[in-house]
Amino acid sequence: MGWNERLDELSTMRTEAAQGGGPARITAQHDRGKQTARERIAKLVDPGSFQELDAFAQHRCHDFGMEQSRTLGDGVVAGSGLVDGRPIHLYAQDFTVLGGSLGETVAAKICKVMDLALRHGTPLVALNDSGGARIQEGVLALAGYADIFYRNTRASGVIPQLSVILGPCAGGAVYSPGLTDFILMAEGTSHMFITGPEVIKTVTGEEVSFEELGGAAAHASKSGVAHLTGADEDQTLELVRSLLAYLPANNLEDPPPRPTGDPADRRLDGLPELVPADGNLGYDVRELVRRVVDQGEFLEIHEQYARNIVVGFARHDGHPVGVVANQPAVLAGGLDCYATE
Ligand code: HXC
């Protein structure tokens, strides 16, 4: 084969890999109000900055007719990119390929970017849309999750790990996020559960909807598993970019300052009207936080959960700061086990 033929073949393989599970599956993904892995990555990172790894990797399974079902890149798109000019490593599970399920090759691709993120000291962002361990690959899939969970724990406290839930995620596809620092969910289209409503019905006889079992609202307000939710995928990915802007790349670096044009010695007017002199009267501490921080910008974490404490990120004199404030408007700001989690 000459060079031209080889280059043609490479180009054909690139086109095929970009199609994931094929046009019909992509249409089904869009019909569910979801985007493909590559569309999501394009929205998350700075334009043109994504560098893909292992785009042509395929699974090696021969059981259950799996040799008939091989896709270039398998069920995940992985690599690196820039967010506001700062490097991150990321992976996006591709639901169009066997429901984004995780087998040996998918796990190896994910572990490679996790290792690179740790070695280079960059945040790791996971876009999850997966039915969990690939049933056909059996114990190899489970071992793949063990490799991922191990890396989640090694990276904990060293680099920021963000998990974004963008589809029906079950099994290992939610255990790994559970070990990471922040979980973001898209309202209406993302779900997190150990196993889906069908299995729950079979095993316990209980009928429960996707939303009740593991929707964004349930995890943002009841379980506290979701730190942030977006109205849709685009807003959720925008929240990832906003959150990253407050975080250091790793435990040896400072968080990035950003000039805000808000003088640190600005005088705060109107506080006596906001904070009652009578300690028995409540007020909304979030309003106080907004007045204190630069330009009134406050990214509240766990907005719907344990509302008696207010936590989040803001800037002061251009430097990112974490905010922890008792909320007198809820339970008189008293601490309980949920607030201290
Ligand atoms: C292989 C899977 C899969 C999986 C989904 N698919 N999950 N294939 N392994 N785990 C396939 C489906 O067969 C289907 O293929 C396609 O992906 C799309 O799935 P649908 O069911 O049509 O989509 P939807 O109705 O949206 O439901 C999504 C779902 C459901 C809720 C995730 O598929 C589901 O409940 N899957 C099983 C989830 C589960 O119990 N996983 C636990 C894995 S155990 P076709 O070709 O039919 O369209 C685990 C343990 C880890 O992860 C432990 C680590 C130590």
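Whatever order the structure lists them in is the order used to number ligands and atoms, beginning at 1.
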Is the shortest side-chain N to carboxylate O distance from Asp294 to Arg258 below 4.0 Å? no

[options]: member with heavy atom nearest to [atom]:
atom	options	value
atom 3 (C) of ligand 1	Ser176, Ala143, Ser101	Ser101
atom 20 (P) of ligand 1	Glu198, Glu137, Arg32	Arg32
atom 48 (O) of ligand 1	Arg25, His191, Gln29, Lys34	Arg25

Single-linkage hydrophobic cluster, 4.5 Å side-chain cutoff, Met192 and Leu213 together: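 Not linked; separate clusters.
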
Grouping I, L, V, M, F, W and Y whenever their side-chain heavy atoms are under 4.5 Å apart, do Leu243 and Leu127 come out in a common cluster?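 Yes, one cluster joins them.
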
Other residues, nucleotides, ligands: >12 heavy atoms within 6.0 Å of Glu198 CD: no

Please check if the number of heavy atoms outside Tyr150 that lie under 6.0 Å from its OH is greater than 12. no

After noting the C-alpha distance and the side-chain angles of Phe210 and Phe193, does the key distance pass the ring-ring contact (aromatic ring centres under 6.0 Å, His included) rule? CA-CA 9 Å; Phe210 271 71; Phe193 31 64; 5.6 Å; yes

Would you say [atom] has a protein heavy atom nearer than 4.0 Å?
atom	answer
atom 12 (C) of ligand 1	no
atom 26 (O) of ligand 1	yes
atom 30 (C) of ligand 1	no
atom 34 (C) of ligand 1	no

Would you say Gln161's side chain and Asn152's backbone share a donor-acceptor pair under 3.5 angstrom? yes

Just need the protein heavy atom nearest to [atom], so name the residue and atom and give the distance.
atom	answer
atom 37 (C) of ligand 1	Gly131 O, 4.1 Å
atom 51 (C) of ligand 1	Gly172 N, 3.6 Å
atom 55 (C) of ligand 1	Phe149 CE1, 4.0 Å
atom 19 (O) of ligand 1	Phe95 CZ, 3.9 Å
atom 10 (N) of ligand 1	Ala133 O, 2.9 Å
atom 1 (C) of ligand 1	Gln136 OE1, 3.3 Å
atom 2 (C) of ligand 1	Leu98 O, 3.7 Å
atom 28 (C) of ligand 1	Pro168 CG, 3.7 Å

Given side-chain contact (heavy atoms from CB on, under 4.5 Å), test Asn128 with Leu166 step by step and report yes or no. CA-CA 6 Å; Asn128 290 47; Leu166 297 168; over 6 Å; no

Output the list of atoms in ligand 1 that are nearer than 4.0 Å to some heavy atom of Gly171, sorted by atom number. 49 (C), 52 (O)

Sub-4.0 Å atoms of ligand 1 with respect to non-hydrogen atoms of Arg134: 9 (N)

Tell me whether the rings of His227 and Phe182 are parallel (<30°), tilted (30 to 60°) or perpendicular (>60°). perpendicular

Classify the ring geometry of Tyr305 against His302: parallel below 30°, tilted from 30° to 60°, perpendicular beyond 60°.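 Tilted.
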
Provide the closest heavy-atom pair for Arg266 versus Val293 in the form atom of the first, atom of the second, distance.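 What the structure gives for the nearest pair is NH2-O, 3.2 Å.
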
Heteroatom proximity flag, Ile135 to ligand 1, N/O under 3.5 Å: yes

Would you check the N or O atoms of Val199, main chain and side chain alike, for any that come under 3.5 Å of an N or O of ligand 1?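 No - when backbone and side-chain N and O of Val199 are compared with those of ligand 1, no distance drops under 3.5 Å.
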
Does ligand 1 have an atom under 4.0 Å from some heavy atom of Thr195?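 Yes, Thr195 has heavy atoms under 4.0 Å from ligand 1.
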
Run the side-chain hydrogen bond (donor to acceptor under 3.5 Å, both in side chains) test on Glu211 and His191 for me, step by step, so that the C-alpha distance in whole Å, both residues' side-chain angles and the decisive distance to 0.1 Å come before the verdict. CA-CA 7 Å; Glu211 272 307 302; His191 301 98; 2.8 Å; yes

